[in-house]
A.B. asks: 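Below is a structure I'd like to ask you about.
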Amino acid sequence: MFELNKKLARGWSRMGPRAVYGLILFELAKTNPNIMALSADLGRSSGLDRFSKEFPDQFLNVGIAEQNLIGISSGLARMKFDVFASTFAPFASLRAGEQVRMNMGYMQEPVRLVGLASGFALGFLGNSHYGIEDVAVLRAIPGITIVSPADCFELYKCIVASLDYPGPMYIRLTGGVNMPVVYDADYEFDILKADVISEVSDITVVSAGATLGFAKLAVEELKDEGTHVGLVNVHTIKPIDKEFISKLEGKCTKLVVFEEHTVIGGLGSAIIDALDEAKIRSVEVIRCGVNDEYPKAGDYNYMLSTLQLDSVGIKTKLCELL
């Protein structure tokens, strides 16, 4: 459908993941009348404005009623539609938490719930709109797969793969316009497999979502300076790729996790759980993200900078460890 190349990667980066999400669904709907896109009054913010006009029979705006969003989406999924439901991440995971638990977790309705603008992408709207607990909340619900695409190419790969994936899925969109490009050519994507970008070494960085792009910039700078640091894209936070976890023993002593999320219950916690289950004790996990507090709000770049989640902060942390 799309020819994945450097030019498209740059263009999609300028658009940002929310706009690209809408563009991808629009293109898919041209040949797939089974796609249903639902929004909790965020059609334009979801990039679905054009979709809603061109495919009015495949779009539903349920209004500012996130619980209804999940209920209606689940009913459509049971009727065998390919359902994508989108709203801002904290509303998807917290406001509609009970409906997600019952309909997607307990009943296993295969809804693709898209958490828009997770992390700090909504800037000055502040902690009421920041998605820094969504992974922790949804990880605790049995049977829900959680994927956080690193950039817009991976978002495209994830959405296409989700059409053939059984069961409910939470797709966590982080970052904004001009987010770092991680992939600029076609590549093999497997929902259940982590992607090793730079070979695992004594110190290895693990990340997901937009933070991975900033980590990649930091790791590349260190490489240019003569220092190798491993880098792995664990795009699927649940279930964790156990094969990747098993290969850490004997190769890595410090696993540094950077995430645009609270350090409690997120990617770092998922990796610690997986290492414990595999009885691997030789790997120290260092979690870097949001500590147990709500940070002072600001624009996106300010938030990343103050939490050392931009490329400068990540490089500084790695240099301290080195």
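The figures that follow rest on heavy atoms only: side chains count, while hydrogens, waters and symmetry mates do not. All residue numbers refer to positions in the sequence shown, counting from 1.
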A.B. asks: Distance only, no hydrogens: is a donor on one side chain within 3.5 Å (strictly under) of an acceptor on the other, for Arg44 and Ser52?
C.D. replies: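 Side-chain D/A pair, Arg44 to Ser52: absent.
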A.B. asks: Does either side chain, that of Tyr130 or that of Glu260, offer a donor lying less than 3.5 Å from an acceptor on the other one?
C.D. replies: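 Note: Tyr130 and Glu260 side chains miss the donor-acceptor criterion.
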A.B. asks: Could Asp186 and Lys157 be called an ion pair, given the rule that one side-chain N must be under 4.0 Å from one carboxylate O?
C.D. replies: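 Answer for the salt bridge query: yes.
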A.B. asks: Applying side chain to side chain donor-acceptor pair (under 3.5 Å), name anything that partners Thr145, two or more places apart in sequence or on another chain.
C.D. replies: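 If we apply the side chain to side chain donor-acceptor pair (under 3.5 Å) test to Thr145, skipping adjacent residues, the hits are Tyr165.
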A.B. asks: Ring pair (Phe, Tyr, Trp, His ring centres under 6.0 Å) with Phe189: which residues, sequence neighbours excluded?
C.D. replies: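 Checked Phe189 against ring pair (Phe, Tyr, Trp, His ring centres under 6.0 Å); matches are His235.
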A.B. asks: Hey, what do you get for CD (Glu320) to CG (Leu318), rounding to the nearest 0.5 Å?
C.D. replies: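 Rounded to the nearest 0.5 Å, the CD-CG separation comes to 9.0 Å.
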A.B. asks: How long is the straight-line distance from CG of Leu321 back to SG of Cys319, given to the nearest 0.5 Å?
C.D. replies: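 Those atoms lie 9.0 Å apart.
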A.B. asks: Under the side chain to side chain donor-acceptor pair (under 3.5 Å) definition, can you give me all pairs with a residue in residues 94-104, not counting sequence neighbours?
C.D. replies: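 Sorted pair list: Glu66-Arg95.
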A.B. asks: Do Gln58 and Asn34 have side-chain N/O donor and acceptor atoms under 3.5 Å apart?
C.D. replies: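 Asn34 and Gln58 do not have a side-chain donor-acceptor pair below 3.5 Å.
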A.B. asks: Mind checking the OG1-CG spacing from Thr204 to Leu231? Nearest 0.5 Å is all I need.
C.D. replies: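 It comes to 8.5 Å.
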A.B. asks: Under the ring pair (Phe, Tyr, Trp, His ring centres under 6.0 Å) rule, collect the residues that match up with Phe2, sequence neighbours excluded.
C.D. replies: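 Scan of Phe2 (ring pair (Phe, Tyr, Trp, His ring centres under 6.0 Å), adjacent residues dropped) gives Trp12, Tyr156.
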A.B. asks: Taking only residues two or more places apart in sequence, or in another chain, which ones meet Phe59 in a ring pair (Phe, Tyr, Trp, His ring centres under 6.0 Å)?
C.D. replies: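 Ring pair (Phe, Tyr, Trp, His ring centres under 6.0 Å) check on Phe59 returns nothing, list empty.
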A.B. asks: Does a salt bridge link Glu277 with Lys242, judged by any charged N lying under 4.0 Å from a carboxylate O?
C.D. replies: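 Counted as a salt bridge, because a side-chain N and a carboxylate O are separated by less than 4.0 Å.
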A.B. asks: Would Asp195 and Tyr183 count as a side chain to side chain donor-acceptor pair (under 3.5 Å) if you check the C-alpha gap in whole Å, the side-chain angles of each, and the deciding distance to 0.1 Å?
C.D. replies: CA-CA 11 Å; Asp195 183 32; Tyr183 301 99; 2.5 Å; yes
A.B. asks: I'd like to check the ring pair (Phe, Tyr, Trp, His ring centres under 6.0 Å) partners of Phe258; sequence neighbours left out, ordered by chain and number.
C.D. replies: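 For Phe258 there are no ring pair (Phe, Tyr, Trp, His ring centres under 6.0 Å) partners, ignoring immediate neighbours.
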A.B. asks: Does the ring center of Phe55 lie less than 6.0 Å from the ring center of Phe26?
C.D. replies: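 Yes.
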